[in-house]
Amino acid sequence: MRVLATPKIVEALTSLFYPAICVGCAADVERSDYLCADCERRAPRIAPPFCAKCSEPFPGAITQTFRCANCEHRTLHFDCAVAAYRSRGLVRKLVHDFKYGQQRHLRHPLSRWLRQSLDDPRLRDRRFDLIVPVPLHPTRERERGFNQAALLAELLGESVRIPVRPVLERIRYTTTQTAYDRAERMENLRGAFRLRKNRDVRDLRVLLIDDVLTTGSTLSECARVLRAAGAVSVHAATAARA
Ligand SMILES: [Zn+2]
Ligand SMILES: [Zn+2]
């Protein structure tokens, strides 16, 4: 008999034979917890004040709504992008291990952090028709074996009962963005995404999902394509924010 060792089966078998340990510090935890209480506390949360558009935190005491220097002078095509956690310390490490270390099980704690972004007042009372993950270029997805945004979107969709549809595709393999400034990133991404064939987002309220927001350029470009295709609104949520 040939047994197909899909990642899900491997994960299920692993959890049968190994005790549950915290993914942050290896302390014993309940099977469904993934993180111990200490590590959960160590994860840096984003606290107000922060930018109303891109959630960039701002040191100091500001009580009115404001836009930050990251996005004040450029067009971001999403309504707002929300994250509950900063990509620092433990959060950054888990995101990194998830994406580059083949540790798919980390989608569970990361999707919980993602889920918390929906408690934000900017998203809390909204209704969404559709959850859309930011796509990877097929070549990169083959290299990695999965699309991290899609894995997170699936878990979120199950948890909040909103359909998840990968309606976007990435048609240009862009070089790494890190060497570029904001204007260059936007330019580099122009034309990188399009709506898949036979997909329709007209009149839909979309929640766009990615693992991390860095400058917002990727989410903005995806939102631009969705809006051009007729989406009435595009809000974005990520597990963490740079
Ligand atoms: Zn721990
Ligand atoms: Zn901002």
Side-chain angles (χ1 to χ4, degrees), residues 14-15 18-98 101 103 105-113 116-117 120-123 126 134 177 180-186 189 207-224 227 233-242:
T14 307
S15 71
Y18 293 91
I21 56 167
C22 170
V23 295
C25 72
D28 291 346
V29 289
E30 292 294 321
R31 171 85 53 215
S32 58
D33 276 356
Y34 296 96
L35 278 171
C36 71
D38 281 346
C39 284
E40 196 68 70
R41 266 194 300 277
R42 279 200 290 141
R45 282 205 67 120
I46 294 179
F50 45 73
C51 171
K53 183 85 174 180
C54 77
S55 303
E56 166 87 6
F58 196 81
I62 304 170
T63 46
Q64 68 273 56
T65 307
F66 72 99
R67 295 278 298 269
C68 73
N70 172 47
C71 64
E72 180 176 48
H73 299 300
R74 62 181 180 144
T75 308
L76 289 171
H77 296 277
F78 47 74
D79 291 274
C80 66
V82 181
Y85 289 87
R86 288 227 92 168
S87 182
R88 301 262 165 88
L90 176 68
V91 174
R92 191 186 162 96
K93 183 184 181 306
L94 293 199
V95 169
H96 188 273
D97 291 350
F98 173 50
Q103 300 197 40
H105 64 285
L106 294 177
R107 70 187 187 278
H108 295 288
L110 291 175
S111 72
R112 286 187 194 173
W113 288 336
Q116 287 181 39
S117 64
D120 185 283
R122 290 167 294 171
L123 300 182
R126 292 191 177 277
V134 168
Q177 293 268 80
Y180 296 123
D181 68 22
R182 277 186 199 109
E184 288 169 333
R185 279 179 190 233
M186 294 289 246
L189 283 169
L207 180 63
L208 186 62
I209 299 299
D210 207 356
D211 54 340
V212 178
L213 178 150
T214 307
T215 63
S217 301
T218 301
L219 289 168
S220 176
E221 186 57 20
C222 287
R224 191 184 66 75
R227 278 184 185 282
S233 65
V234 182
H235 293 76
T238 59
R241 191 200 190 295

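None of the values given here were measured: they were computed from a predicted structure. Each ligand, and each atom within it, is numbered from 1 in the order the structure gives.
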State, to the nearest 10 degrees, the angle whose vertex is the Zn ion (ligand 1) and whose arms point to SG of Cys22 and SG of Cys39. 100°
Would a 4.5 Å heavy-atom cut-off, applied to side chains only, mark Leu110 and Trp113 as touching? yes
Considering non-hydrogen atoms only, spot the tightest contact between Ala240 and Ala83 and give its length. C-CB, 3.8 Å
For a 4.5 angstrom cut-off between non-hydrogen side-chain atoms, does His77 reach Val234? no
In degrees, rounded to 10 degrees, what angle do Cys51 atom SG and Cys54 atom SG make at the Zn ion (ligand 2)? 120°
With the Zn ion (ligand 2) at the center, what angle do SG from Cys68 and SG from Cys71 span, rounded to 10 degrees? 110°
Heavy-atom closest pair (Leu90 atom, Gly24 atom, distance to 0.1 Å) is CD1-CA, 3.7 Å
